[in-house]
Amino acid sequence: MKRINYRLAVECFFLAAAPSVAACSSGGVTAADPGSLPVAEKHGSFAVDVEKPAATVGDADYVFVGKVESKVGTTYKDPVAIETENGTKEIADPYTDYKIKVLRNIKGELVSDRAIPVQKSGGVDKEQKYVVLYEDDVLPEVGSTYMFLAYAQEDGSLLVSGLNSSLEIETGTEMELGKSKVVQAYGEAMKNQEKTDRTRFRSNFDAS
């Protein structure tokens, strides 16, 4: 997948970087085949070291292994009007909406008896020309299994955002999950998590 600079692709559109900030929705669409589109990278600074599992686990509200059951659509947030050679144009941040089945909870206790809605920062832009993602981030694919680091929003929804927030796991059965290096690494990170002092919310799908 070809990667380009998002700031060039959307004519210097300014993006929010904080993963726990909620914003207003302006509708949704679904792209037929995101895999065929080039990736436009957006850049941001984060409050923790995203390369350090103990830090990202400590900052997240929920850490879990989940299988992507379906992609529901794309929601667009933070619309901004910009001036172009052809007049005024509105651009917005894409967020991809999924239904995900929790296979194993690492931090927190989400329900596992049904697929739950999870939103991922990133997705296909409104004009269906690019897949917009943070640098080196990935957009989860239906049928695949990932380690997700999620933030509960004020309305109880779950947001996954930023580098190392969706780490693909090759194995899928419960026995195989225990052998996964990713699962083992984040299990250890949970034991040594570096908690951050911030306002936290509870997911609507918290089973505890």
Original post:
side chain to side chain contact (heavy atoms under 4.5 Å, CB included) with A185: which residues, sequence neighbours excluded?
Top reply: none
Subject >> Contacts of K67 that satisfy side chain to side chain contact (heavy atoms under 4.5 Å, CB included) - sequence neighbours left out >> reply: E69, L103, T145
Subject >> Side-chain donor-acceptor pair present, D59, Y151, cut-off under 3.5 Å >> reply: yes
Spatial distance of atom [atom1] ([X]) from atom [atom2] ([Y]) [nearest 0.5 Å]:
| X | Y | atom1 | atom2 | result |
| --- | --- | --- | --- | --- |
| E41 | D137 | CD | CG | 10.0 Å |
| S166 | L133 | OG | CG | 9.0 Å |
| S112 | R104 | OG | CZ | 12.0 Å |
| I116 | L158 | CD1 | CG | 5.5 Å |
| R114 | I100 | CZ | CD1 | 14.5 Å |
| I106 | M190 | CD1 | CE | 9.0 Å |

Subject >> Steps toward side-chain contact (heavy atoms from CB on, under 4.5 Å) verdict (I169, M147) >> reply: CA-CA 7 Å; I169 299 173; M147 177 71 69; 4.1 Å; yes
Just by modelled atom types, is the [Y] backbone N or O under 3.5 Å from a matching donor or acceptor in the [X] side chain?
| X | Y | value |
| --- | --- | --- |
| Y98 | P140 | yes |
| N164 | V50 | yes |
| N105 | L110 | yes |
| D97 | V72 | no |

Could you tell me which non-hydrogen atom of [X] sits nearest to which non-hydrogen atom of [Y], and how far apart they are?
| X | Y | result |
| --- | --- | --- |
| E194 | A55 | OE1-CB, 3.9 Å |
| K101 | D113 | CE-C, 4.1 Å |
| K120 | S165 | NZ-OG, 3.0 Å |
| S121 | Y95 | CA-CD2, 3.6 Å |
| G108 | Y62 | CA-CD2, 3.9 Å |
| P94 | T74 | CB-CG2, 3.9 Å |

Original post:
Is it the case that more than 12 heavy atoms not belonging to E141 sit under 6.0 Å from its CD atom?
Top reply: no
For the residue pair [X] and [Y], establish whether any side-chain heavy-atom pair is separated by less than 4.5 Å.
| X | Y | value |
| --- | --- | --- |
| I91 | E127 | no |
| E168 | V138 | no |
| D61 | F201 | no |

Original post:
T84 and N86: side chain to side chain donor-acceptor pair (under 3.5 Å), yes or no, with the steps?
Top reply: CA-CA 5 Å; T84 71; N86 300 317; 4.9 Å; no
Subject >> Sequence-distant partners of K191, salt bridge (Lys or Arg N to Asp or Glu O under 4.0 Å), two or more places apart >> reply: E188
Subject >> Counterpart residues, side chain to side chain donor-acceptor pair (under 3.5 Å), relative to K107 (two or more places apart) >> reply: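 So K107 forms a side chain to side chain donor-acceptor pair (under 3.5 Å) with Q193.
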Original post:
By side chain to side chain donor-acceptor pair (under 3.5 Å), which residues pair with D155, not counting sequence neighbours?
Top reply: S157
Original post:
In the single-linkage hydrophobic clustering (I, L, V, M, F, W, Y; side-chain heavy atoms under 4.5 Å), do V48 and L167 co-cluster?
Top reply: no
**OP:** Please name all residues satisfying ring pair (Phe, Tyr, Trp, His ring centres under 6.0 Å) with Y146, sequence neighbours left out, ordered by chain then number.
**Re:**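 For Y146 the ring pair (Phe, Tyr, Trp, His ring centres under 6.0 Å) partners, ignoring immediate neighbours, are F148.
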Subject >> Y134 six-ring centre to K42 NZ/CZ under 6.0 Å and within 45° of normal >> reply: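 Ring-cation test returns yes.
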